[in-house]
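Heads up: the structure comes next, in structure tokens.
Note that this is a predicted model, so its numbers are computed, not measured.
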Amino acid sequence: RSKKKKKKKNQKNEEEPTAAQEKQQQQQSETDNDDESENKAKELKYVGGVDISFVGKDDPDQAVAALVVLEFPSLEVVYERYDMVTLRYPYIPGFLAFREAPFLQTLLDDLRAYKPEIMPQVVLVDGNGKLHYRGMGVACHLGVLCDVPMIGVAKNLLYVDGLTREKVEEWIKPLEVGESAPLVGDSG
């Protein structure tokens, strides 16, 4: 008799979606709604950019964390903030988010708290996003922390997923000014 009760209980749990599954289904339905996505694109009003720059060569842990917000489409600067920061962790390739994201998150969190009306709908991040050794560069990491879409804009190409400098040069060689080519690795 006790086995039957357990079996019934397990069947019930299998049928009921968890909170995470419900959230995932909700996000999927929002993503699938093309009309809603088009409306959100039309509403783009503010674009942000974040970066951490080093002050000098004397102390590699001293840096400036920066956030700039532009009104779109005029690209007029409507907000700037620069904070002197002391980096707490060494640079380790593939783990940039752990070194820089906390400072960039503070800038965005403070903006949301004190000037929410100009919180950007998208932020460009100096670093990689999904094109990363683990598929989760600093742009993705920061996007999750801040709940804002982020686009990674890296200075250097990471050689991941079959991408090489030679492949990229081959793709861009035939392009004219203003044209683009997709940067797609072996996994698609």
Let me see the working for Asp186 and Lys167 under side-chain contact (heavy atoms from CB on, under 4.5 Å), right down to the final yes or no.
CA-CA 11 Å; Asp186 292 343; Lys167 275 187 182 180; 3.3 Å; yes

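- No chain of hydrophobic side-chain contacts below 4.5 Å, direct or via other Ile, Leu, Val, Met, Phe, Trp or Tyr residues, connects Val160 to Val138.
- Asp109 CG to Leu145 CG: the interatomic distance, rounded to the nearest 0.5 Å, is 8.5 Å.
- Residue Tyr89 comes nearest to Phe98 through the heavy atom pair CD1-O, 3.4 Å, listed as atom of the first residue, atom of the second, then distance.
- Summarising the geometry, atom SG belonging to Cys146 is positioned 8.5 Å from atom CG belonging to Leu104; distances are rounded to the nearest 0.5 Å.
- Between Phe103 and Ile52, some side-chain heavy-atom pair lies under the 4.5 Å cut-off.
- Taking all atoms of both residues into account, the shortest heavy-atom contact from Ala181 to Trp171 is CB-O, 4.3 Å.
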For a side-chain contact (heavy atoms from CB on, under 4.5 Å) check, start with the C-alpha distance between Gln121 and Val148, then their side-chain angles and the critical distance, and finish with the verdict.
CA-CA 7 Å; Gln121 287 94 355; Val148 175; over 6 Å; no

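- Pro120 and Gly48 make their closest contact through CB-N, 3.4 Å (heavy atoms, listed as atom of the first residue, atom of the second, distance).
- Contact annotation: the side chain of Val55 approaches that of Met84 to within less than 4.5 Å [non-hydrogen atoms, C-beta and beyond].
- One hydrophobic cluster, built from ILVMFWY side chains closer than 4.5 Å, holds both Ile151 and Leu75.
- With a 4.5 Å cut-off on side-chain heavy atoms, Leu111 and Leu67 count as touching.
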Test side-chain contact (heavy atoms from CB on, under 4.5 Å) on Arg165 and Val168 and set out the steps.
CA-CA 5 Å; Arg165 177 172 300 284; Val168 173; 5.9 Å; no

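- Checking side-chain atoms of Glu80 against main-chain N and O of Val68 turns up no donor-acceptor pair under 3.5 Å.
- In the displayed structure, Phe54 atom CZ is contacted under 6.0 Å by more than 12 heavy atoms of other residues, nucleotides or ligands.
- Taking CZ of Arg99 as the start and CZ of Arg88 as the end, the distance is 11.0 Å to the nearest 0.5 Å.
- No hydrogens or angles considered: a donor-acceptor pair under 3.5 Å links the side chains of Asp161 and Ser187.
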Starting from the C-alpha separation in whole Å, work towards a yes-or-no answer on side-chain contact (heavy atoms from CB on, under 4.5 Å) for Leu142 and Glu100.
CA-CA 9 Å; Leu142 190 60; Glu100 296 187 359; over 6 Å; no

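- In this structure, Tyr79 is not a member of the same hydrophobic cluster as Val47, with clusters built from ILVMFWY side-chain heavy atoms closer than 4.5 Å.
- Within the model, atoms CG of Asp61 and OH of Tyr91 stand 15.0 Å from one another, a figure rounded to the nearest 0.5 Å.
- Heavy-atom minimum distance, Ala97 versus Pro102: O-CD, 3.6 Å.
- Annotation: side chain of His141 is not in contact with side chain of Leu96 (no heavy-atom distance under 4.5 Å).
- Under a hydrophobic clustering in which Ile, Leu, Val, Met, Phe, Trp and Tyr are joined whenever their side-chain heavy atoms come within less than 4.5 Å, directly or via other members, Leu44 and Val69 fall into different clusters.
- Put simply, the side chain of Val64 does not reach to within 4.5 Å of the side chain of Val85, judged on heavy atoms.
- Rounded to the nearest 0.5 Å, atoms OG1 (Thr86) and CG (Asp59) are 7.0 Å apart.
- Cluster annotation: Val125 and Met119 are assigned to the same hydrophobic cluster (Ile/Leu/Val/Met/Phe/Trp/Tyr, side-chain heavy-atom contacts under 4.5 Å, transitive).
- Salt bridge absent: Asp147 and Arg112 never bring a charged side-chain N and a carboxylate O closer than 4.0 Å.
- In this structure the side chain of Met150 never reaches within 4.5 angstrom of the side chain of Val122, judged on heavy atoms.
- We find the NZ-CD1 distance between Lys45 and Ile118 to be 11.0 Å, quoted to the nearest 0.5 Å.
- Here the options are Leu107, Thr106, Leu108, the test is side chain to side chain contact (heavy atoms under 4.5 Å, CB included), and the partner is Asp110; only Thr106 passes.
- The shortest side-chain heavy-atom distance between Leu70 and Glu76 does not fall under the 4.5 Å cut-off.
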